[in-house]
There are 2 protein chains.
Amino acid sequence: MSAVTIKEVAQLAGVSPSTVSRVISNNPKISSTTRKRVREAMIQLDYHPNIMAKSLVSKSTQTIGLVLPYSSDNLFINPFFSEVLRGMLAYANNKNYDLLLSSARNQSEELEAINRMVLGRRVDGVVLMSPNRDDRIVEKLMEYNFPFVLLGRSLEYPEVLSVNNDNIKASFDLTNFLLSQGHHKIGIVTGKPELVVSIDRLQGFKNALQKAGCVLNPDWIISAEMLEQNGYHTISMVMNAEDSPTAILVIDDVIAISLIRELVEAGFQIPRDISIVGFNNIYMSEMSNPPITTVDVGIYQLGYQTVQHLIRKLSGKEQNLPTQVIVPHRLIIRESTK
Amino acid sequence: MSAVTIKEVAQLAGVSPSTVSRVISNNPKISSTTRKRVREAMIQLDYHPNIMAKSLVSKSTQTIGLVLPYSSDNLFINPFFSEVLRGMLAYANNKNYDLLLSSARNQSEELEAINRMVLGRRVDGVVLMSPNRDDRIVEKLMEYNFPFVLLGRSLEYPEVLSVNNDNIKASFDLTNFLLSQGHHKIGIVTGKPELVVSIDRLQGFKNALQKAGCVLNPDWIISAEMLEQNGYHTISMVMNAEDSPTAILVIDDVIAISLIRELVEAGFQIPRDISIVGFNNIYMSEMSNPPITTVDVGIYQLGYQTVQHLIRKLSGKEQNLPTQVIVPHRLIIRESTK
DNA sequence: ACCCCCAGTGCAAACGTTTTCACTACTATA
DNA sequence: TATAGTAGTGAAAACGTTTGCACTGGGGGT
C-alpha cells in the first residue's frame, strides 16, 4: 500500500510542498518548467492526494450525502430508486463528486445519520428523498444553514430548493385521459398518506374529476396498504359491488403491476373489464402484461437534476438560482387502458 | 452551522482536549467524574467529532467504497442491484459504517474512481460488484494490498475474499428441475460472456444436460444481447424451426420477464407451449404473468454478508476468516413451468 | 519515614494538506 | 543608475483530531 505524500513528491521534484500543492490546484503562478517537473514526479511516484487532509483544511469534501428515509424498505423494492440513483451518480461523478449513502430504520437513526454526515463535516451537501409531510430533518438542516436539496417538495417550507414533478398536474392529466376515453367511474389506489407525492397525486385526481363533474365514490378509494394486506378481498369488494369502477388510477407502477396480477388471477381481463393506469414509467411498466398506461416522470432526470442543482448551490457562484425545479412529465399510453 | 470542536468542549468541562478525546473513545483510564462532566459538556454544546480530522490521524474512515462496474446501466435497471444495496446498507449502517458510491462509464473512469477512493484514503475497504472475467481492478487492489471483497468470484484469483452463490450448482439444480418435469429439449438465454456469473450458470446448465445424456442444440443458445436487439426475430427463429425447445432457462429474471412478454405477444402460451425459468427471484418475478419459476439467490443476504465479511476483515481481529463465502440458493417453483 | 507504583491527566507532536505572507531575483520604468 | 513592480517560490501556521510520553499525587509495602 503506497502512502506517498506531497512531501515526497516535493523532494523528488526538488521543490517545496507548497509548490506541489499549487501545481495540483492549477495555480497559474507556477512556471511551466517547475510545473512539468512536479507533474513528472507525481506520475513517477503514483501520487494521489489524501482527501481527508485536503478536506480538513479546505473544508470541502467533494461528497454529497444521500439520506434515505426510514421505512425505506419499499423504496428499495421500487426500481424508481435505482433509476434515480443512476441519474444522481451520473451527474455527481462527472463533477468529481461521490455519493455517501445512509439509511435508517427509524427517525432517531435518521437523525443520527444526518449528524454523522453533516456535523461530522463528511459531506458538502445533502439530498433528501421524498420527504414526509412533517419533516424534522428539513427543519434541522435549515437551522444549521446546511446546503441541501429536496427530491420532492416540502409542504411546510416551500422556499427550500427542491426538484420535483408537478404531480398534481401529472395526475390531473392522467385522469383526464381516462375521462376522455369515456370513463367516468374511476377509482384510485392511494399511497402512504404521509408522503407529499401521494397527497399531490390524489389532489390532481380529485381536481380532474371535479372539473369533469364526476363524483368520486368513497368506496373506490383504496389504500395501497389495504391492498397489500387484504389482496384479493380488497379487489372483490370493489369489483363485485353492484356499482364498480371501469378504471383505476394507481399511485405507482409497482403497485399497479401487482394489482393487475390480482385482477387477472381473479378472472378479470384488462382492459376489457377494467382499465388500469399507473405512475412513474419504470422499466417493468412496459414488460407488464398488458403493458401499463402511465405517466413518465423522467426518473433519471429527477436524480440528475437534483444533484445538479445541489452542486450549483455549493459552488456558490451563481446568484438567483431557481428554488423550485420542475421536471416535465408525459403520458405514455399503452394497452392497460381502453 | 455549529462548528464546535473538541477544544471548546474541553474548555467548558475544564479539562484538556486529550481528556475529551479519551472520553469519546471510551478510554477506561478516565475517572467517572470527569467522564460525566465531559459528557455533559458535549451534549450542552451539541458536539460531533469532525470525521475528517479523526480519519487523518487514525487512518480509518468508517466508510466502505462500492465501485459499480462500468457499463453498469443494465445493472441499475435490474432490481437485483437495489436489493443487494439494501443488504449492504443494513449491515454497514448497523456497524456505523457508511457507503461511498462511485460509478464509471468506462474502464479508465473506473480506475480513476478507485484511485480517488483508495489512494485518497477515503475508504477503509472496497466492495467490487460482479467482476468481469479479467479484472484489472482486482489486480490493482491486490498490488496495493488494500482490503476488498468481491460480490461474485474471480476466475483468476480464487484466493481473494468473495461472497457468492454457487451458481454452477444453482443452474444445475434448476436445469434438473426442468429435466425432472420431462423436458429434454431445453434452450438457454445466456448473459454477457465476460461476466463470471454468466459463465457459471451456463456451465451448470451444460453439466446437468450432460449428466442426463441430453444434447444441447447450438441453435438453442441465445445471447441476451441478441434477444434485446432482434426481439421477435430471435424468438421466431427458435420457436418456429422444425425442432424447437420445450423449455428455456434464462440467465436473469428481468430478461425472463421480457422474453415471456415477447412470447406471449407472438401468440405462445406459457407454460402450455413452452416453459420458462429464470434466476435471482426479484420482487417482480412473482408479479409476472405467469409468475416465474426461478432460483432464489438470497439477494439481500448477498449484500449483507459481503459487507459483513469485509468489515470483519477490516477489524483485523479474527484470524483464519473464510475466503469463499457461499450464500445458499433455493428453487422457487411457480407457474411458468409445467 | 522511605520508596515505588499506579491511576488520572496534560503537553506536544503528528497526520497531509492549503494558504498567507514574505522573500528573491528579475524586468521595466524613470 | 536607482526605483518600483512582478513572477515565482518557500516557510510556517492552521485545520481538528489521536496518542506517546511525562508529570502529579496519594496509597501500599518495607
Side-chain angles (χ1 to χ4, degrees), chain A residues 1-39 41-42 45-63 115-124, chain B residues 1-39 41-42 45-63 115-124:
Chain A
M1 182 65 201
S2 77
V4 24
T5 75
I6 215 171
K7 287 184 189 166
E8 306 173 39
V9 176
Q11 195 167 19
L12 179 60
V15 297
S16 75
S18 343
T19 302
V20 178
S21 172
R22 283 189 259 256
V23 169
I24 293 170
S25 57
N26 282 319
N27 187 318
K29 303 210 122 191
I30 299 295
S31 75
S32 51
T33 57
T34 14
R35 183 182 302 278
K36 192 174 164 218
R37 205 142 35 87
V38 170
R39 285 256 164 78
M42 288 186 359
L45 296 178
D46 193 23
Y47 169 77
H48 289 264
N50 182 319
I51 316 255
M52 296 300 155
K54 182 179 194 152
S55 305
L56 183 57
V57 28
S58 70
K59 284 161 179 355
S60 123
T61 61
Q62 293 286 107
T63 306
N115 282 339
R116 272 215 311 269
M117 282 191 176
V118 174
L119 271 3
R121 325 290 185 301
R122 222 161 146 69
V123 296
D124 296 345
Chain B
M1 182 65 201
S2 77
V4 23
T5 74
I6 216 171
K7 288 183 189 166
E8 307 173 41
V9 177
Q11 197 166 20
L12 179 61
V15 296
S16 75
S18 346
T19 303
V20 177
S21 173
R22 284 188 257 257
V23 169
I24 292 170
S25 56
N26 281 319
N27 186 317
K29 302 209 124 192
I30 301 294
S31 75
S32 50
T33 57
T34 14
R35 182 181 304 276
K36 191 174 166 220
R37 206 141 34 86
V38 170
R39 286 255 164 78
M42 289 185 359
L45 296 178
D46 195 21
Y47 169 78
H48 289 265
N50 182 320
I51 316 256
M52 296 300 155
K54 181 179 194 152
S55 304
L56 183 58
V57 26
S58 70
K59 284 158 178 357
S60 125
T61 61
Q62 294 287 105
T63 306
N115 282 339
R116 272 215 313 270
M117 281 191 177
V118 174
L119 271 3
R121 326 289 184 304
R122 222 160 145 70
V123 297
D124 296 345

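The analysis underlying the following values was restricted to heavy atoms, covering all of them including side chains, and did not include hydrogens, waters or symmetry mates. Order of the sequence lines sets the chain letters (A, B, ...), proteins ahead of strands, with each chain counted from 1.
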Separation of [N] [atom2] from [X] [atom1] (nearest whole Å):
| X | N | atom1 | atom2 | answer |
| --- | --- | --- | --- | --- |
| A:Asn27 | C:dT18 | CG | C1' | 11 Å |
| B:Arg22 | C:dA7 | CZ | C1' | 12 Å |
| A:Lys7 | C:dA14 | NZ | P | 9 Å |

side-chain contact (heavy atoms from CB on, under 4.5 Å) between B:Met117 and B:Thr63, worked out: CA-CA 10 Å; B:Met117 281 191 177; B:Thr63 306; over 6 Å; no
Looking at every strand, decide which applies to [X] at a 4.0 Å heavy-atom threshold: base, sugar-phosphate, or nothing.
| X | answer |
| --- | --- |
| A:Thr34 | sugar-phosphate |
| A:Ser21 | base |
| A:Ile51 | nothing |
| B:Ser55 | nothing |
| B:Ile30 | sugar-phosphate |

Under-4.0 Å side-chain N/O to phosphate OP1/OP2 contact, A:Ser58 with C:dT17: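 Answer is no, no contact under 4.0 Å.
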Angle between terminal axes - the helix from C:dA1-D:dT30 to C:dA30-D:dT1, 5 pairs each end, rounded to 10°: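 Comparing the first five pairs with the last five, the axes sit 50° apart.
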Residue closer to the 5' end of DNA chain C, A:Ser18 versus B:Gly14 (nearest nucleotide):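 It is B:Gly14 whose nearest nucleotide is closer to the 5' end.
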Considering all heavy atoms, the nearest B:Met52-A:Met52 contact: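 Residues B:Met52 and A:Met52, closest heavy atoms: SD-SD, 3.4 Å.
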A:Ser31-A:Thr34 side chain donor-acceptor pair, cut-off 3.5 Å: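 A pair is found: one side chain offers a donor N or O, the other an acceptor, under 3.5 Å apart.
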Could you tell me whether the side chain of [Y] reaches within less than 4.5 Å of the side chain of [X], counting heavy atoms only?
| X | Y | value |
| --- | --- | --- |
| B:Asp46 | A:Asn115 | no |
| B:Arg39 | B:Val23 | yes |
| B:Asn26 | B:Arg35 | yes |

Derivation of the side-chain contact (heavy atoms from CB on, under 4.5 Å) call for A:Val20 and A:Ile24: CA-CA 6 Å; A:Val20 178; A:Ile24 293 170; 4.1 Å; yes
base_contact_polar (C:dG8 base, B:Arg35 side chain, donor-acceptor, <3.5 Å):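 Counting by modelled atom types and ignoring angles, no donor-acceptor contact under 3.5 Å is found here.
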Backbone of B:Thr61 reached by a side-chain donor or acceptor of B:Asp124 within 3.5 Å: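 Yes, B:Asp124 side chain to B:Thr61 backbone: donor-acceptor pair under 3.5 Å.
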Nucleotide interval of DNA chain D bounded by contacts with chain B (heavy-atom cut-off, under 4.0 Å):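 Range of nucleotides within reach of chain B: D:dG16 to D:dG20.
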Please set out all donor-acceptor pairs under 3.5 angstrom arising from side-chain atoms of residues 5-15 of chain B, sequence neighbours excluded.
unit_1: B:Thr5; atom_1: OG1; unit_2: B:Lys7; atom_2: N; d: 3.2
unit_1: B:Glu8; atom_1: OE2; unit_2: B:Thr5; atom_2: N; d: 3.3

